[in-house]
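Here the structure is laid out as C-alpha cells; the discussion comes afterwards.
Each chain gets a letter, A, B and so on, in the order its sequence line appears, and its residues count up from 1.
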Amino acid sequence: MSQQAVNGVSHRGRVLTLDSMNPNVKRVEYAVRGPIVQRAVQIEKELKEGAKKPFTEVIKANIGDAHAMGQKPITFFRQVLALCSYPALLEDSKFPEDAKQRARRILEACGGHSIGAYSASQGIECIRQDVARYIEKRDGGIPSNPDNIYLSTGASDAIVTILKLLVCGEGRDRTGVMISIPQYPLYSAALADLGAVQINYYLDEDNCWSLNITELRRALSAAREHCNPRVLCIINPGNPTGQVQSRQCIEDVIRFAKEEHLFLMADEVYQDNVYAEGCQFHSFKKVLFEMGPEYSNTVEMASFHSTSKCYMGECGFRGGYMEVINLDPEVKAQLIKLVSVRLCPPVPGQALLDLVVNPPQPDEPSYATFMKERTAVLSALAEKARLTEQIFNTVPGITCNPVQGAMYTFPRITLPQKAIDKAKELGLVPDMFYCMRLLDEEGICLVPGSGFGQREGTYHFRMTILPPTEKLKVVLQKIREFQLHFTQEFS
Amino acid sequence: MWNMKQLEYGALARRANQIKDELRQGVRRPYKEVIDVFQGDLHRAGMKPLTFVRQVLAACVYPPLINSSNLPLDVRQRAQEELGRCVGGSVGEGNARDHAPNILNVLVNREASPRTGVLIPVPCHNKTVLSITQLGAVAVPYYLSEEQGWALQVEELQRALESAKGVCNPVALYVINPGNPAGYVQSQKSVLEVIRFAWEKRLFLLVDELYQDRVYGENCEFVSYKRAVSEMGPPFSGTVELASFHSVSKGFSGEYVCGLRAGYVELVNLDPAVMKYIHTLFSKDACSPVLGQIALDLMTDPPKPGDPSYLLYKQEIEQIRTVLLHSVKKVHEVVNSLPGFSCPPIEGGLFAFPRLHLTPKAIQKAKVTAEMQEDPDTFYCTRLLEEGGVFTGPGWEYGQKEGTYHIRYNTSRALFKELLRRLSSFHMTFMKDFS
C-alpha cells in the first residue's frame with residue numbers, strides 16, 4: 001500500500017503478494033538468525049559509524065560458527081584442500097607427503113581431475129566408501145554399505161531431503177513429525193515450510209534435559225487425534241541443551257520407534273563434542289544393530305553428520321552426509337531422483353568430509369600436529385563448558401544444567417513479573433525482551449529460548465561456548481552483571 | 001510429452017557409470033573411455049581451471065600461502081582481502097553472504113485451488129519440471145519454434161496461457177536465455193515482447209541467465225532482462241516482478257566451477273512485505289559454500305591490466321574462448337552434415353540439441369526393445385553409449401514436440417575430434433542398419 005503512495009503511480013497489484021505467496025513460507029521462523037541478529041547487525045553498523053555505546057564490539061554468541069569466533073582450522077585439512085584447489089602446489093616441497101597423497105586421490109576421483117567439476121548427485125563414490133569405512137570403525141565393525149551413504153550440503157540439506165520424502169497426506173492424515181522441545185529451529189522451520197505437523201515432546205529440564213519415554217508416549221497419543229505421526233527426530237548430543245543420551249535411553253527410543261512404527265532421524269553432528277564425565281556418544285546405528293536382527297532388520301532410520309561442528313568447525317564448506325538404514329529400495333530410487341535435482345553437494349565439502357573420515361594415522365608425518373590441534377580444540381571446549389556451567393550457577397536468577405556436549409548452553413532465567421509485564425506491553429516475548437536489552441546494554445547477542453521452544457511459563461536463552469576462553473569469561477561476567485541489574489530494575 | 005517415469009529416470013546415467021567402471025577394471029569394449037558430453041560440466045569436458053582463481057582459492061583455504069613468494073603478489077593481496085571479509089578470517093565460517101534463494105518455493109501456494117501454474121519452455125532442463133511438480137505446482141509448456149532457430153513466439157505464449165484455463169492458475173513465466181538445451185540467444189526484440197506479455201498477463205518473470213557469458217553467434221548479443229525492464233521505463237520498470245539467476249558454474253569468461261556451487265539471484269520490484277519472508281526463509285538455509293562465493297567475487301572482479309596475473313589470465317581466457325568457439329562451430333558443421341541430423345545455428349549456451357530424423361524402422365525397433373522405454377531417442381542414445389562410448393542426453397528428458405526426436409550434448413568438449421569421429425561412425429552405421 002505504502003509503495004503505491006510512494007511511487008505515486010496507480011498500482012495494478014503485484015503477482016507476488018502476502019496473500020498469493022506460499023503460506024508455508026510465512027510460517028517459517030529461524031530464531032538463530034532472526035530479529036535479534038538483525039538488531040545486532042544494525043548496532044554493529046552504528047558502532048562503525050562512530051556511535052557511542054557502553055561497549056566497543058558486538059559479541060555474537062548466537063550461532064554455532066566456530067571459525068567466526070576465532071577457532072583455528074585444522075592445518076592438515078586446509079593443506080589438502082589447498083592442494084586440491086591449486087594442484088600445481090603438489091610440486092611444492094613445503095607440503096607434507098601424506099597431504100599430497102590424499103589430494104591426489106581426491107583429484108583422481110573428480111571429473112577432469114578438478115574440484116570444479118560436478119560430482120555424482122549422491123556424492124563422489126570413493127568418498128562414500130571412505131565414509132562407510134569410518135562408520136564401521138566407529139561402530140565396532142558393524143557393516144556400512146556405501147550405497148546407503150548420501151553426501152550432502154551440510155547435514156541440513158540431508159535432513160530436509162528426508163523430510164520431503166516423509167511428508168505427505170491431507171488433513172488428519174498429514175504426516176506428523178516428533179521433535180524435542182527445546183529443538184534446533186531448522187526442524188521447526190523445515191516442518192513449517194513443508195506443511196508437516198510438528199509434534200512436540202518435552203525434554204526434562206530437572207533431569208539434565210533427559211528424554212522420557214513416557215513423555216514420548218504422551219505426545220504421540222495426543223498427536224494421533226489430529227495427524228498421522230510417522231517420524232521421530234532426535235538430536236544427540238543435543239542442541240540447544242547439550243545433553244548426551246545414555247545408551248539405555250537410545251535403546252528405549254529405538255524400541256519405542258519400532259512399537260509405534262516411526263521413522264527415526266538421528267542428528268549426530270556433535271558426535272565428537274562430548275565433555276562430561278561419565279558421558280559417551282553412542283551412535284543410533286550401533287545400538288540398533290546391537291539390539292539384534294529383530295530391530296536391525298526392521299527399524300527405518302537416517303543418521304546425519306557434518307563437517308560444521310566437532311573439532312573441525314568448517315561451517316562454510318558445507319560438508320555432510322546421511323546414512324539410511326532399511327529404506328525401501330523403491331523409495332531409495334526416488335531419493336536418488338530427489339537429490340539429483342540439486343545436482344551435487346559442493347565438492348570442496350565432500351573433499352573435507354573425506355579427510356575427516358580419513359585423518360592422519362599414527363605412522364604418517366602429519367599425525368602429531370593433527371592430534372595436537374584436535375585435542376586442543378576439544379579440551380578448550382570441555383573447559384569452557386565446565387566454566388560456563390560453573391559461573392552461571394553462581395548468578396541468582398540463572399540456573400544452568402551441565403553442558404554435557406555440543407556447543408551451547410541453555411540456562412533458565414527467572415524474570416521478575418514486572419519485566420514480563422513490560423515485555424507484553426511492548427509486544428515482545430519475555431525472553432526476547434531480555435535478550436534485546438542485553439544486546440543494547442552489553443553488546444552480547446544471544447538467542448531467546450522462545451526460538452527453540454520451552455515449557456510454558458519458563459524462559460531461557462541459548463549461548464554458544466565458542467568465544468576464546470578469556471573472552472568467554474568476560475561475556476559470562478557481563479551477563480551476570482546484567483542479570484543482577486535487570487532483576488533490580490524490575491523488582 | 002514429458003515422461004516422468006519414476007524409476008527409469010537416470011537409467012542412462014547409471015549405465016554410463018557402469019561402463020566407466022567396467023573400462024577401469026579392464027573390460028574390453030570398442031573404446032577405451034566414455035566421452036561424457038551429457039552434463040554441462042566443463043572440467044569434465046577437459047577445460048583447465050583458471051590459474052588466478054585457483055591460486056586465490058588455495059591461499060584462502062591455507063592462509064600460510066599468502067606469505068609464499070611462489071604466488072604472484074596480486075593473488076596474495078586478493079586472498080587477504082577475501083579473508084578479511086570472512087568473519088574470523090576463515091573460509092570455514094558460515095555467515096550468509098549472497099545466497100540464491102528458491103523463489104519458486106515462495107511463489108507456489110500449495111493450498112491454492114486451482115493449483116499454481118508456471119509456464120515453461122519446451123525444450124528445457126529436465127530438473128525444472130521436477131522442481132515445479134515437487135512443489136505441487138503445474139508446469140504449463142510453451143513450445144519454442146525449432147524452425148525459427150528455437151524462437152520464442154508470443155502467440156505460442158498466448159496459446160499456452162489459454163490451455164491453462166480450467167487446469168491451473170498460471171502465475172509465473174519461466175524463460176531461459178541463453179537456452180538450455182537449445183542453444184539460442186534471445187534477440188532484444190524478443191526480450192521486450194516477453195516482458196510486455198508478462199506485464200499484460202500479470203505473470204512473475206523467472207529468468208535463467210546462467211549462460212549469459214556464453215554467446216557465440218555473430219550478431220548475437222545477450223540482453224539481460226533486468227536491464228531491459230529498467231530501460232523500458234514506466235509502467236514496466238516499476239511493476240514487472242522479476243527474478244533473474246546467474247551462477248559461477250557456467251561463466252564463459254570465468255571459472256567453470258560447477259563443483260563449487262555458487263550463484264545469485266536478482267529480485268526486481270518485489271513486494272517489500274514478501275521480501276521480509278524471503279529473508280527469513282533463506283537465513284535458515286545457512287549459506288552457500290564460501291569458496292563458491294569467493295570464486296564469484298573473483299570472476300566479477302578479475303585481474304586488470306598492470307596486475308601481475310593479468311597477462312596469464314587474459315591468455316587463458318582467450319585460449320578457452322578460441323577453443324570453444326572452434327569446437328562449437330566444428331561440431332555443429334559436422335553434425336549438421338550427417339544425414340538424419342539437423343540443427344539450427346548454435347548461438348550460445350552450453351549445449352546443442354540437434355534433431356534426429358529417425359526412420360520408421362528405427363522407431364519401430366525402439367518400441368519393441370524389451371528393456372527400454374519406447375522413446376526412440378533413448379534407444380538411439382543407449383546404442384550410442386554402448387557401441388560408440390559417447391554419453392549424450394535423449395530429447396524426451398527435455399521435452400519436444402510430439403513425434404520429434406533430439407539428443408543433447410555439451411558443445412564445450414575441448415577434444416572434440418574423437419567425439420566427432422565416434423559420433424559420425426556410429427550414426428552412419430545406425431542409419432544404415434535402420435534404412
Side-chain angles (χ1 to χ4, degrees), chain A residues 3 7 9 12 14-18 20-26 28-30 33-34 65 67-70 73 78-79 81-82 85-86 89 92 110-112 114-120 154 156 186 189 193 195 308 313-318 330 333-334 336-337 340-341 344 346-349, chain B residues 6-7 9-10 39 41 43-47 49 54-55 57-58 61-62 65 70 87-88 90-95 105-111 127 130-131 171 202-204 234-235 238-239 241 255-261 270-274 277 280-281 283-284 286-287 289-292:
Chain A
Q3 191 68 20
N7 283 348
V9 280
R12 311 168 315 148
R14 288 191 165 92
V15 177
L16 183 56
T17 63
L18 290 185
S20 71
M21 70 181 278
N22 182 353
N24 288 343
V25 173
K26 287 190 274 192
V28 171
E29 281 168 4
Y30 187 64
R33 292 185 194 235
D65 190 342
H67 290 201
M69 286 284 103
R78 293 304 191 88
Q79 285 174 331
L81 290 169
S85 303
Y86 184 49
L89 291 171
D92 189 332
C110 294
S114 162
I115 58 167
Y118 283 123
S119 80
S156 304
L186 163 74
D193 193 4
S308 302
E314 300 276 15
C315 312
F317 277 88
R318 318 305 299 120
E330 295 192 346
Q334 293 298 310
I336 290 177
K337 186 175 82 177
S340 76
V341 175
C344 74
V347 176
Chain B
Q6 313 286 34
L7 296 173
Y9 186 87
Q39 286 234 45
D41 187 333
H43 287 183
R44 201 174 282 269
M47 283 296 154
R54 291 311 193 82
Q55 285 174 331
L57 288 179
V61 162
Y62 187 54
L65 285 172
N70 288 337
V87 183
S90 163
V91 294
E93 58 95 353
N95 272 298
N105 186 22
V106 182
L107 270 168
V108 176
N109 185 343
R110 213 184 278 260
E111 292 165 18
K127 316 278 186 222
L130 216 54
S131 312
V171 307
R202 295 199 58 232
L203 296 168
F204 191 107
T239 59
E241 288 151 84
E255 171 71 277
Y256 301 96
V257 284
C258 312
L260 296 188
R261 318 298 296 119
L270 259 67
D271 186 326
V274 174
Y277 289 105
T280 307
L281 189 67
S283 73
K284 90 158 166 54
C287 70
V290 176
L291 285 191

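When Gly349(A), Gly70(A), Pro23(A) are compared by the number of non-hydrogen pairs under 4.5 Å with chain B, Pro23(A) comes out ahead.
Counting only heavy atoms from C-beta outward, the side chains of Leu291(B) and Phe317(A) approach each other to under 4.5 Å. Side-chain contact check for Leu107(B) versus Leu16(A): some heavy-atom pair is nearer than 4.5 Å.
Only the side chain of Leu65(B) comes within contact range of chain A, with heavy atoms under 4.5 Å apart. Of the two parts of Gln55(B), the backbone and the side chain both hold a non-hydrogen atom closer than 4.5 Å to a non-hydrogen atom of chain A. Contacts of Thr17(A) with chain B are made by both backbone and side-chain atoms, with heavy-atom separations under 4.5 Å. The parts of Val171(B) that come within reach of chain A are both its backbone and its side chain, each placing non-hydrogen atoms under 4.5 angstrom from that chain. Proximity to chain B (any heavy atom under 4.5 Å) is shown, for Met69(A), by neither the backbone nor the side chain.
If you take CG on Leu270(B) and OH on Tyr277(B), they are separated by 14.5 Å, rounding to the nearest 0.5 Å.
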Side chain to side chain donor-acceptor pair (under 3.5 Å) between Ser114(A) and Arg54(B), worked out: CA-CA 10 Å; Ser114(A) 162; Arg54(B) 291 311 193 82; 2.8 Å; yes
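Proximity of a side-chain donor or acceptor of Arg78(A) to a complementary backbone N or O of Val61(B) within less than 3.5 Å is detected.
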